[in-house]
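First listed ligand is number 1; within each ligand, the first listed atom is number 1.
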Amino acid sequence: MNYKADQKGYYGVFGGAYIPEMLYPNVEELRQNYLKIMAEPSFQKEFQELLKDYVGRPSPLYFAKRLSEKYTTKIYLKREDLNHTGAHKINNTIGQILMAKRLGKSRIIAETGAGQHGVATATVCALMGLECIVYMGEIDIARQAPNVARMKMLGATVVPALSGSRTLKDATNEAIRDWINNPVDTYYIIGSVVGPHPYPDMVARFQAIISEEIKWQLKEKEGRENPDVIIACVGGGSNAAGAYYHYLNNDEVQLIAVEAAGLGIDSGESAATSVLGKEGIIHGSKTLLMQTEDGQITEPYSISAGLDYPGVGPLHAHLHATKRAEFVSVTDAEAMKAGLELCELEGIIPAIESAHALAVFEKQTFKPNEVIVLNLSGRGDKDLNTYIDYFKL
Ligand SMILES: *Cc1c(COP(=O)(O)O)cnc(C)c1O
């Protein structure tokens, strides 16, 4: 079984590029060039230097001793939370801003829900001195004031999306409309392994630095490159794709993907796409998504803004269909408890997204000599108000 995208961007039956004709030239320009550009030594040199000196890579692979004792197994945390801007998203935006420059683009657009991808995009635009426009739903702008302020400080223009439910999918529609109207000078930075081909494959390749590092770091610590299990949370799926990437075709490594069950899978307030989703097309890609009987996209819910997405990327739909990865759903309550536990046992405040992955240890038992790598996708600073409200701190 192959788990890499084929020439047309398919992972099994999922993926592809289902786009309006007016977007075709933009996407086709990228498709024809992305692999060639990524293979250029000058591109790789600049990418690797920025990951090292600007992002702060390699991120540590930390043996979590007290957490391991509690669950009587060996748990390593891949510390993406220590990256500049606080999560894995910067790996991708650094890669894509270099891609935009190589394609001669001077204007960058992005969509954002909670604002994390908007901040990561505004950051790299400031770094490169490029104009940055971020589309964000009007409701999200009101809910995520600190991230809106960050984007403005970094020089970005934040444009409210006023249509529909005024959240992420409407912001995405606005960004696509902008791109259609500005095909020559504008590059669209997508924030996860979603969207039309080549985005899912390109973003996975940029995030693959995570598993590339895990291989040599684990070799140093355990004398072998392969963990027994890798655990990661899945919103669109980019941090998971990066943590799995170099192990995808190695069946000895078990993959666990953690989705947000919100208030419970059957509560109507959830984002557990693998359980509730059906095949459909969202943001230019055929994948699993949550939808009504007549195919309208369902509004997802999770306490974690980054997991609050009605679909998953096509790679993850394929990993689910082929059972290569095991999908686990974690509720708000389970995630919050696991997040607090990491604070108390290891002195690390995780992003609530990452706390979903941590909750797996209460739901599954691992053997004492098994080596588990959990991708700690981000830090909890951005979630402090949610933690305060939830635990009445
Ligand atoms: C955005 C985000 C996620 C979810 O996005 P993926 O593309 O699924 O990785 C997970 N964790 C953190 C900290 C995030 O900011």
**OP:** Just jot down the ligand 1 atoms closer than 4.0 angstrom to any heavy atom of Gly306, in number order.
**Re:** 4 (C)
Original post:
At the 4.0 Å heavy-atom cut-off, does His117 count as touching ligand 1?
Top reply: no
**OP:** May I ask you to check if ligand 1 and Glu353 share an N or O to N or O distance below 3.5 Å?
**Re:** no
**OP:** Check whether NZ of the Lys or CZ of the Arg Lys4 lies under 6.0 Å from the centre of the six-membered ring of Tyr245 and within 45 degrees of that ring's axis.
**Re:** yes
Original post:
Any idea how Phe43 and Phe206 line up, ring-wise: parallel (<30°), tilted (30 to 60°), or perpendicular (>60°)?
Top reply: parallel
Original post:
Between the side chains of Tyr71 and Glu362, is a donor N or O closer than 3.5 angstrom to an acceptor N or O?
Top reply: yes
Original post:
Gly378 to ligand 1: N or O pair under 3.5 Å?
Top reply: no
**OP:** Fit a plane to each ring of Tyr3 and His318, take the angle between them on a 0 to 90° scale, and name the class: parallel (under 30°), tilted (30 to 60°) or perpendicular (over 60°).
**Re:** tilted
Original post:
Counting only heavy atoms, which portion of Ala351 has something under 4.0 Å from ligand 1: side chain, backbone, both, or neither?
Top reply: side chain
Original post:
Between Leu307 and ligand 1, does any nitrogen or oxygen pair lie at a separation below 3.5 Å?
Top reply: no
Subject >> Any N or O of Ser354 closer than 3.5 Å to N or O of ligand 1 >> reply: no
Original post:
What is the nearest protein non-hydrogen atom to atom 12 (C) of ligand 1, stated with its residue, atom name and distance?
Top reply: Ser377 OG, 3.5 Å
Original post:
At a non-hydrogen distance cut-off of under 4.0 Å, which region of Lys89 contacts ligand 1 (side chain, backbone, both, or neither)?
Top reply: side chain
**OP:** Look at the rings of His316 and Phe327 and say which category their plane angle falls in: under 30° parallel, 30 to 60° tilted, over 60° perpendicular.
**Re:** perpendicular
Subject >> Charged N-O contact under 4.0 Å between Glu28 and Arg31 >> reply: yes
Could you give the side-chain donor-acceptor pairs of residues 116-131 under 3.5 Å, partners two or more places apart or in another chain?
unit_1 : atom_1 : unit_2 : atom_2 : d
Gln116 : OE1    : Asn147 : ND2    : 2.7
His117 : NE2    : Thr121 : OG1    : 3.4
His117 : NE2    : Ile189 : O      : 3.0
His117 : NE2    : Gly191 : N      : 3.4
Thr121 : OG1    : His117 : O      : 2.9
Thr123 : OG1    : Val119 : O      : 2.6

Original post:
Taking only heavy atoms of Gly235, which atoms of ligand 1 are found under 4.0 Å from at least one of them?
Top reply: 8 (O)
**OP:** Could you see which bit of Glu80 sits under 4.0 Å from ligand 1, with heavy atoms only: side chain, backbone, both or neither?
**Re:** neither
Subject >> Polar atom proximity, Ser238 to ligand 1 (N or O, under 3.5 Å) >> reply: yes
Original post:
Relative to the heavy atoms of Cys233, which atoms of ligand 1 are at a distance of less than 4.0 Å?
Top reply: 10 (C)
**OP:** Sort out for me which residue in Lys101, Arg107, Gln96, Glu29 forms a side chain to side chain donor-acceptor pair (under 3.5 Å) with Tyr187.
**Re:** Gln96
Subject >> Distance-only N or O hit between ligand 1 and Ser192, under 3.5 Å >> reply: yes
Original post:
What residues, two or more places apart in sequence or in another chain, satisfy salt bridge (charged side-chain N to carboxylate O under 4.0 Å, His left out) together with Lys382?
Top reply: Glu353
